[in-house]
Peer 1: 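Before I ask anything, let me first share the structure, which is written out below as structure tokens.
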Amino acid sequence: MKIRYYIIAYFICIILMMLTTSFISISKSQNEMFHFGAINELTKSDLISETFVLMMSSEIPQLKENLNANDIKSPDFSSLVFAFTSGITPKSFTSLLELELPGMKTFSNGMRLQGKDLTAMPVESPPPDFDKLLKEGSSGNHSEQEDQVNQDTDNAEVFIYHSHAWEAFLPLLDEPEKKPSEASSTNNKQNIVLAGSMLAKQLENRGVSTLHDKTNVTASLNQKGWGPGDSYKFSRQSVKEVMSANDTVNYFIDIHRDALRKDQTTVTIDGKNYAKLFFIVGVGHEEYQKNLAFAKELHTMIKQKYPGLSKGIYKKSKSEGNGIYNQDMSGRSILIEFGGIDNNREELNNTAEVMAEVLSEHQKDALKVNNAN
């Protein structure tokens, strides 16, 4: 009789645990009744999120090996307790305002969109099939010279690179019927590197010296024994190398493409189709306000001349991804979502012209300010 009681109790406990986990993790948009606001707020805190990651890494060796010691540090215990119980992050005055000012929470979350369409928020593509990409890269789809950083330009002012160089566009692939989740390629005529090349060419045409990194990131990560999760660590090395070799570079642009479909990543202005832009600012470091100001300037300039082309600015913390994106290395560093998986060559090129126009104007304005001082 006791054995039966223990068995029933055991299964009841298992079911309760599964239900509790489901209720906590369910999306708010899917079910309001079982969405726990407290859990949502706690996981938004960088301090608490990093603590959870550190706790998990103590039990998962693979996670511990991939953690960058510079990214996550052990939090002070008293700060952790204070943040957990009060919802206020020490050294963050904004977190206090969020509790007291109505609407401040939504504003400080960092979402700036054209209109109020929340479905237009950037969407990250799933990790690519690295084995498949490595085979593709070894098949000779592009020359070895094409994969190198263009370091021949003296006194370069702009550095364009791609942390996720494999992000491709469906209309440019040899197999256009591929699923959106399979939109990956090491061919620089099919992936996001093409958009970078278009922008670099347009900048050069406007007299702005530009370095463009066309590295096969997939192959380079594999050579180091790294995976897709190490892409920003790899691109950080590239940025450091450029900064040490070219002290004239003052614009650092990491170009990606969104995983959203065409209706969310394309706009028609005066009869021309453009791939929409979305500026991403990492707030996981102390100097992010400089990059935020830079992004605001670019967004404002585009909005004035090409309304609807820029979707706005999205601030991302470590709880939503890398959180830094190498932007702690320069006050004019930005990550740009350049169109989406369905944009074609013409739409990308039209947007590259606009981006080059805005960047060249921004550079000239910056030179005027510097000369005046």
Peer 1: Excluding sequence neighbours, so at least two apart, what forms side chain to side chain contact (heavy atoms under 4.5 Å, CB included) with Gln289?
Peer 2: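 Listed in chain order: Leu292.
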Peer 1: Return a table of donor-acceptor pairs under 3.5 angstrom between the side chains of residues 268-279 and protein atoms on other chains or two or more places apart.
Peer 2:
from: Thr268; atom 1: OG1; to: Asn273; atom 2: OD1; distance (Å): 2.5

Peer 1: Mark yes or no: Arg257 above the aromatic ring of Phe338, with NZ or CZ under 6.0 Å from the six-membered ring centre and no more than 45 degrees from the axis.
Peer 2: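 No, Arg257 and Phe338 do not form such a contact.
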Peer 1: For His256 and Ile192, work out which heavy atoms get closest and say how close.
Peer 2: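 The answer is O-CD1, 3.3 Å.
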Peer 1: According to salt bridge (charged side-chain N to carboxylate O under 4.0 Å, His left out), who are the partners of Glu297, at least two apart in sequence or on a separate chain?
Peer 2: none
Peer 1: Evaluate side chain to side chain contact (heavy atoms under 4.5 Å, CB included) for Glu124 paired with His164, printing each intermediate quantity in order.
Peer 2: CA-CA 11 Å; Glu124 188 76 24; His164 295 165; 3.1 Å; yes
Peer 1: Partners of Lys201 by side chain to side chain contact (heavy atoms under 4.5 Å, CB included), sequence neighbours excluded?
Peer 2: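 Lys201: side chain to side chain contact (heavy atoms under 4.5 Å, CB included) contacts with Asn205.
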Peer 1: Going by the rule ring-ring contact (aromatic ring centres under 6.0 Å, His included), which residues pair with Tyr325 if we only count those two or more places apart in sequence or in a different chain?
Peer 2: Tyr232
Peer 1: Test of understanding: with ring-ring contact (aromatic ring centres under 6.0 Å, His included), list the residues that count as partners of Phe252, not counting sequence neighbours.
Peer 2: none
Peer 1: For Glu182, check side chain to side chain contact (heavy atoms under 4.5 Å, CB included) against everything at least two apart and list the hits.
Peer 2: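 Once residues adjacent in sequence are excluded, the partners of Glu182 under the side chain to side chain contact (heavy atoms under 4.5 Å, CB included) criterion are Lys178, Lys179.
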Peer 1: Under 6.0 Å between the ring centres of His212 and Tyr161?
Peer 2: no
Peer 1: Using a distance-only test with no angle check, is there a side-chain donor-acceptor pair under 3.5 angstrom linking Thr186 and Glu136?
Peer 2: yes
Peer 1: Taking salt bridge (charged side-chain N to carboxylate O under 4.0 Å, His left out) as the test, write out the residues that go with Glu347, two or more places apart.
Peer 2: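 Scan of Glu347 (salt bridge (charged side-chain N to carboxylate O under 4.0 Å, His left out), adjacent residues dropped) gives Lys262.
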Peer 1: What ring-ring contact (aromatic ring centres under 6.0 Å, His included) pairs are there with at least one residue in residues 178-206, not counting sequence neighbours?
Peer 2: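 Listed by first then second residue: nothing to list.
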Peer 1: Sequence neighbours left out, what passes salt bridge (charged side-chain N to carboxylate O under 4.0 Å, His left out) with Arg261? Give chain and number order.
Peer 2: Asp342
Peer 1: With sequence neighbours left out, what residues match Met329 under side chain to side chain contact (heavy atoms under 4.5 Å, CB included)?
Peer 2: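 With neighbours one apart ignored, the set is Arg236, Val239, Lys240, Met243, Asn326.
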Peer 1: Of all residues at least two apart in sequence or in a different chain, which pass the salt bridge (charged side-chain N to carboxylate O under 4.0 Å, His left out) check with Glu361?
Peer 2: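 With sequence neighbours excluded, Glu361 shows a salt bridge (charged side-chain N to carboxylate O under 4.0 Å, His left out) to Lys305, given in chain and number order.
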Peer 1: Should we count CZ of Arg206 as having more than 12 external heavy atoms under 6.0 Å?
Peer 2: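 Atom CZ in Arg206 is packed in, count exceeds 12.
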Peer 1: Using distance alone, with no hydrogens and no angle criterion, decide if Thr265 and Asn343 have a side-chain donor and acceptor under 3.5 Å apart.
Peer 2: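 There is such a pair between these side chains.
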